Amino acid sequence: IQQNQLSSNLVAANNERDSLQQQFAKAAKKLRQCGNSTTSSSGTASGARSDNPEMLTGDLSRRPNRDYIYSYAKAKVDLMFQQFAAEHPDIRVTICRIVSVTGPGGEDCALTTLFLPIMVKAVGLDPAWQFIHEDDMLDIIMLLAKQRKAGVYNIAADGALKYTEI
């Protein structure tokens, strides 16, 4: 599998002199050479909005919270890859929108809040939370690569847990 780790590099670009678009333009040159790209995005790119449906779908527009840099950067990178794919139909672009990852190697910072002595909860809200085990996530990404699938894929287990159920 040739998996591009551009999204993490592009997020880091916010702290560097070059803009996110300039970093992506540099990376796009390499994408044209290799002919395919797989990148990880995030469900957080959709943004936490009161008018979101309980279960997000792949066709929901990216409306990230500007004050949550991770969400905002993931949404920008997601959109850049979508635009690149539209402009270069000869290059296979696979975008994996991944929910919170669990497992021995998972270090999802949002999940660390589940193991604090006191859990913080917004009054009147009980959001649904989706998870996927790291092995299942890897299996799905490998299957997409083996089958040479292009497009946007939501990577999540079936169903969700309410925050109060966790």
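What you see is a predicted model, and the numbers here were worked out from it, not measured in a lab. Along the sequence shown, residues are numbered consecutively beginning with 1.
Evaluation of the side-chain hydrogen bond (donor to acceptor under 3.5 Å, both in side chains) rule for His133 yields no partner, not counting sequence neighbours. For Lys149, the salt bridge (Lys or Arg N to Asp or Glu O under 4.0 Å) test picks out no residue, with sequence neighbours left out. Take Ala85 and apply the side chain to side chain contact (heavy atoms under 4.5 Å, CB included) test, not counting sequence neighbours, and it matches Val93. Remark: Tyr153 engages no residue in a ring pair (Phe, Tyr, Trp, His ring centres under 6.0 Å) (not counting sequence neighbours). Listed by chain and number, the residues in a side chain to side chain contact (heavy atoms under 4.5 Å, CB included) with Ala128 are Glu54, Ala160 (sequence neighbours excluded).
Smallest separation of non-hydrogen atoms from Cys96 and Ile155: CB-CG1, 3.8 Å. Minimum interatomic distance between Glu134 and Pro104 (heavy atoms only, all atoms of both residues): OE2-CD, 3.0 Å. Nearest approach of Ser40 to Lys74, heavy atoms of both residues: O-NZ, 3.1 Å.
Summarising the geometry, atom OG1 belonging to Thr102 is positioned 7.5 Å from atom CZ belonging to Phe131; distances are rounded to the nearest 0.5 Å. Rounding to the nearest 0.5 Å places OG of Ser42 at 10.5 Å from CG of Asn154. To the nearest 0.5 Å, atom CD of residue Gln83 and atom CG of residue Asp78 are 10.5 Å apart.
More than 12 heavy atoms of other residues, nucleotides or ligands lie within 6.0 Å of CG in Asp90, so this atom counts as buried by the packing criterion.
In this structure, Ile91 and Ser37 have side chains that are not in contact, with every pair of non-hydrogen atoms separated by 4.5 Å or more. For the pair Thr38/Leu144, no side-chain contact is recorded, criterion being any heavy-atom separation below 4.5 Å from C-beta on.
Evaluation of the salt bridge (charged side-chain N to carboxylate O under 4.0 Å, His left out) test over residues 135-144, restricted to residues two or more places apart or in two chains, returns none.
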